[in-house]
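We use all heavy atoms of the structure for the numbers below, so side chains are in, but hydrogens, waters and symmetry mates are not. Remember, it's 1-based here, ligands and their atoms both numbered in the order they're listed.
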Amino acid sequence: MSDNLNKIIIAIDGHSSCGKSTVAKEIARKLNYIFIDSGAMYRAVTLYCLRHNLINNGIVNIPELRASLGKIKVSFRFNSETNHNDIWLNGENVEQEIRLLTVSQNVSPVAAVAEVRNLLVALQQEMGKSKGIVMDGRDIGTVVFPDAELKIFMTAQPDVRAKRRFDELTAKGEKVSYEEIRDNIIERDRYDETRQESPLRKAENAIVLDNSYMTREEQLDWVLDQVAEI
Ligand code: DC
């Protein structure tokens, strides 16, 4: 009997900067599943737009972006040094660069473009064909894998999320203020929840995980308990 028969799809959606990827990565490691950070794909397309002047003052040149989509190749490649699936853009590892605050500040309007979503959703669905995958994002349980066996909707209070992201970026040496990070988080939530294309919302059968006051271990145990129940 194929091993895939026992494997499931775990969809983790939720608000910006609440640790979805961290939890998803750890769950994938525990279960020996593939981990895919779908936000990294939207960030890579945004990086392409920034490099090719397709965004000016936060406004995306949508006709130009549509015309360029055939030239944007986004993929994941396993990095054996970090044990992580790094994101590559047109033959270049951009795993670090896509995390810069300038990318965070410009990603929302790019992720709202229907053609961008269609392209990336098709790639994501292909990656989940054999199951055994943990994917995090905004529309994974609602659009990408509506039949996922386990759907989790993660959230945390905005101040808690901003503090975590501030610590993370300053530890990497980025010069950022707490206020601009908090503003960006609140603005991205608003944008993600109100956009027309695949807005962020909790799938009907998703279970909510508010991790404002939970440690990483507690979150991991919580998710593993949900997996065990399936
Ligand atoms: O998870 P993240 O913060 O790295 O995602 C970056 C942006 O991409 C986020 O502001 C919304 C968008 N996104 C999306 O629209 N759909 C997804 N499945 C994942 C991310």
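Nearest protein heavy-atom neighbour of atom 8 (O) of ligand 1: Y42 CB, 3.6 Å. Annotation: atom 20 (C) of ligand 1 to nearest protein heavy atom, G39 CA, 3.5 Å. Atom 3 (O) of ligand 1 has its closest protein heavy atom at R188 NH1, 2.8 Å. The protein atom (non-hydrogen) at minimum distance from atom 4 (O) of ligand 1 is R43 NE, 2.7 Å. S38 OG, 3.3 Å is the protein heavy atom nearest to atom 19 (C) of ligand 1. Counting protein heavy atoms only, atom 18 (N) of ligand 1 is closest to D139 OD1, 2.8 Å. Nearest protein heavy-atom contact of atom 12 (C) of ligand 1 is A111 CB, 3.8 Å.
Counting only distance, with no hydrogens or angles, the side chain of N90 and the backbone of K73 share a donor-acceptor pair below 3.5 Å. Judged by distance alone, the side chain of S177 and the main-chain N or O of E180 form a donor-acceptor pair under 3.5 Å. The backbone N or O of Y191 lies less than 3.5 Å from no partner atom in the side chain of R188, so there is not a single donor-acceptor pair. Side-chain N or O atoms of R138 include none that pairs as donor or acceptor with a backbone N or O of P199 at under 3.5 Å. Side chain of D13 to backbone of G141: a donor-acceptor contact under 3.5 angstrom is found.
Numbered from 1 in the order shown, with element, the atoms of ligand 1 that lie under 4.0 Å from a heavy atom of G137 read 17 (C), 18 (N), 19 (C). Numbered from 1 in the order shown, with element, the atoms of ligand 1 that lie under 4.0 Å from a heavy atom of D192 read 9 (C), 10 (O), 11 (C).
Atom CD1 of I59 sits in a sparse spot, with 12 or fewer heavy atoms from other residues, nucleotides or ligands closer than 6.0 Å. Taking a 6.0 Å sphere around NZ of K163, one finds it holds 12 or fewer heavy atoms contributed by other residues, nucleotides or ligands. More than 12 heavy atoms of other residues, nucleotides or ligands shown are found within 6.0 angstrom of CZ on R164.
The residue M41 has no part lying near ligand 1, judged by heavy-atom distances below 4.0 Å. Of all the heavy atoms of R195, the ones lying under 4.0 Å from any atom of ligand 1 belong exclusively to the side chain. Of the heavy atoms in R138, both backbone and side-chain atoms come closer than 4.0 Å to ligand 1. At a heavy-atom cutoff of 4.0 Å, ligand 1 is contacted by no atom of V144, backbone or side chain.
A salt bridge between K131 and E149 is present, with a side-chain N of the basic residue lying under 4.0 Å from a carboxylate O of the acidic one.
At least one N/O-N/O distance between R117 and ligand 1 falls below 3.5 Å.
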